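Only one structure is covered here, and it is reproduced in the block below.
Indexing begins at 1, ligand by ligand and atom by atom, following the structure's order. Computed from a predicted structure; not experimentally measured.
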Amino acid sequence: MYNTPVMGWNSWNTFGSHINEELIMEITDKIVSEGYQQAGYEYVIIDDCWSLKERVDGKLVADPQLFPHGMKALSDYIHSKGLKFGMYSCAGFKTCAGYPSSYGHEFEDARQFAQWGVDYLKYDFCNFPESGNAKNAYLTMAMALRNSGREIFLAACNWGVEDPAKWMRSRGAGSYRSTGDIFDVPKSYRDIFISQVENIEGNAPGCYNDMDMLIVGMHGSGNVGIGGCTDEQYLQHFAMWAFLGSPLIIGADIRRLDDANKATLLKKGLISIHQDPDCRPAFVIGKMEGQKYTLGKLLSHNRVAFAFFNVGTKDDWGQNMSISFDDLGIHSESGVGLKLTDAVTGEDYGVFYDGYHVKLAPDQCRILIGELVAA
Ligand code: GLA
């Protein structure tokens with residue numbers, strides 16, 4: 001059973017097809033030595049382009065040039081560090097980059113992944129036959145993984161086709177990609193946020209809305225790094241993904257990450273909201289002119305979190321954002337207040353009774369954790 005949304009690292013955003021076992025081992029080491037593991041990042045995931053271009057005797061084979069010691073040895077290495085191993089296949093005839101894929105081979109491929117000690121399978125949707133049934137494709141792989149003898153998390157990736165929020169949970173996936181691919185520019189993460197912010201009511205144990213891998217800290221380099229974002233934008237992007245309960249899968253090269261963005265990926269307060277044991281989905285409290293969003297999320301232990309995001313791109317819309325606790329059902333005559341702490345800086349703002357007001361320029365966010373204080 002999968003509880004809170006997954007946290008990990010994936011090779012695609014930075015490395016694309018330029019992957020090999022040495023890289024994956026170095027990344028594994030960094031996840032441990034730089035504090036990512038301790039912060040909750042758990043899965044090391046190899047994306048597309050890991051296999052030979054053709055099956056051998058009907059089997060998927062890891063490219064021996066890139067992975068000379070084979071996938072089982074790499075998996076053992078990752079497990080020896082207390083981390084979990086993720087791999088990639090696709091529901092169509094070929095993967096998105098043209099490698100052999102699992103259509104018609106689901107049960108044997110799942111057994112192969114189990115033999116390699118795989119814990120997580122990203123399952124893509126390229127080259128899927130027009131006559132095929134997408135819902136069944138994910139159901140088949142979910143059953144194949146269950147039949148493999150190993151518990152393997154199914155991370156579905158059909159980019160939102162046929163509205164997977166409505167059916168992917170029932171087909172056995174632990175998460176589902178809800179949008180097309182992210183790129184390392186502000187418009188890309190903003191558009192994904194706006195398209196999904198009201199589509200997360202179902203985010204709960206068992207199946208989460210995956211808004212794609214993080215671009216935090218990529219600075220325009222790597223496979224999806226077309227323009228880059230500012231550090232403030234990367235923080236806003238990370239806070240959005242954490243607050244909405246999307247899997248947090250790092251896409252940057254963590255061997256070379258600058259301090260500011262490393263700090264963003266390790267923000268304890270934001271991760272505590274993401275990993276809150278109650279696993280409640282967030283909800284929209286209000287949307288204001290100029291793309292300013294206020295969200296709420298019930299947390300465990302008498303607490304509730306708030307998020308303010310200014311996703312606008314122009315200053316002239318004004319920067320004031322506020323919530324009235326009345327809108328949340330906390331009426332002033334009740335005498336109940338909220339003791340507010342900043343989830344990014346850790347600053348304690350004191351107890352508030354009627355509401356909260358903040359001025360945020362475009363690209364900024366404020367995330368608060370509130371503890372209910374009875375009269
Ligand atoms: C699709 C997916 C990406 C990545 C690539 C690999 O585009 O959405 O996340 O896995 O395929 O080819």
Side-chain angles (χ1 to χ4, degrees), residues 5-20 23-24 27 43-54 60 62-63 66-67 71 85-103 109 113 118-129 132 134 137-138 141 152-165 168 173-185 187-189 191-193 195-196 199 207-218 221-226 237 241 246-253:
V6 161
M7 295 173 68
W9 178 91
N10 174 300
S11 58
W12 183 254
N13 277 6
T14 294
F15 297 98
S17 63
H18 303 289
I19 48 173
N20 58 58
L23 166 73
I24 302 300
I27 294 285
Y43 290 85
V44 182
I45 303 158
I46 301 179
D47 208 281
D48 205 349
C49 312
W50 56 267
S51 76
L52 287 176
K53 282 278 175 118
E54 299 296 335
L60 295 172
D63 185 329
L66 305 177
F67 299 94
M71 284 304 175
F85 180 38
M87 285 197 73
Y88 167 99
S89 188
C90 177
F93 293 119
K94 293 263 180 207
T95 71
C96 299
Y99 291 75
S101 182
S102 294
Y103 185 83
D109 287 356
F113 290 130
V118 169
D119 304 296
Y120 171 113
L121 182 70
K122 174 171 173 179
Y123 203 47
D124 217 334
F125 197 56
C126 281
N127 304 303
F128 190 71
Y138 286 93
M141 187 46 95
I152 302 178
F153 182 100
L154 176 58
C157 176
N158 85 331
W159 326 302
V161 175
E162 293 187 49
D163 200 358
M168 205 55 104
S175 63
Y176 62 89
R177 270 275 302 280
S178 50
T179 68
D181 290 6
I182 196 166
F183 289 91
D184 183 20
V185 281
K187 183 175 181 341
S188 178
Y189 83 76
D191 286 353
I192 291 176
F193 171 78
S195 76
Q196 295 308 310
N199 204 16
C207 195
Y208 290 92
N209 182 335
D210 176 355
M211 294 166 25
D212 207 355
M213 283 92 70
L214 298 164
I215 51 171
V216 176
M218 288 185 62
S221 67
N223 192 36
V224 304
I226 49 178
H237 156 54
W241 266 230
S246 169
L248 293 178
I249 315 262
I250 300 170
D253 183 353

Just by distance, with hydrogens left out, do Thr14 and Asn223 show a side-chain donor and acceptor under 3.5 Å apart? no

What residue and atom, counting heavy atoms only, is the protein's closest point to atom 12 (O) of ligand 1, and at what distance? Asp48 OD2, 2.7 Å

With heavy-atom distances below 4.0 Å as the criterion, list the atoms of ligand 1 near Asp47. 4 (C), 6 (C), 10 (O)

Can you name the atoms of ligand 1, numbered from 1 with element, that are less than 4.0 Å from a heavy atom of Lys122? 3 (C), 4 (C), 9 (O), 10 (O)

Backbone or side-chain N or O of Arg177 under 3.5 Å from ligand 1 N or O: yes

May I ask whether Phe125 has any heavy atom positioned less than 4.0 angstrom from an atom of ligand 1? no

Is any N or O atom of Asp212, backbone or side chain, closer than 3.5 Å to an N or O atom of ligand 1? no

Of the protein's non-hydrogen atoms, which lies at the shortest distance from atom 1 (C) of ligand 1, and what is that distance? Asp124 OD2, 3.0 Å

Considering only non-hydrogen protein atoms, determine which one is nearest to atom 3 (C) of ligand 1 and report residue, atom name and distance to 0.1 Å. Asp181 OD2, 3.5 Å

Can a cation-pi geometry be assigned to Lys53 and Tyr99, taking NZ or CZ under 6.0 Å from the six-membered ring centre and within 45° of the ring axis? yes

Tyr43 and Phe85: aromatic ring centres closer than 6.0 Å? no

Measuring only between side-chain heavy atoms, which start at C-beta, is Ile215 closer than 4.5 Å to Ser188? no

If we check side-chain contact (heavy atoms from CB on, under 4.5 Å) with Ser246, which of these qualifies: Asn209, Leu214, Asp210? Asp210

Any side-chain donor near an acceptor of the partner, Ser101 and Thr95, under 3.5 Å: no

Out of all atoms in ligand 1, which are within 4.0 Å of some heavy atom of Cys96? Include the element for each. 1 (C), 11 (O), 12 (O)

Below 4.0 Å from any atom of ligand 1, is there a heavy atom belonging to Thr95? no

Side chain or backbone of Cys157 under 4.0 Å from ligand 1, or both, or neither, by non-hydrogen atoms? side chain

Checking Asp124 against Trp159: is there a side-chain donor and acceptor pair closer than 3.5 Å? yes

Ignoring hydrogens and angles, state whether a donor on the side chain of Asp47 or Ser11 is under 3.5 Å from an acceptor on the partner side chain. no

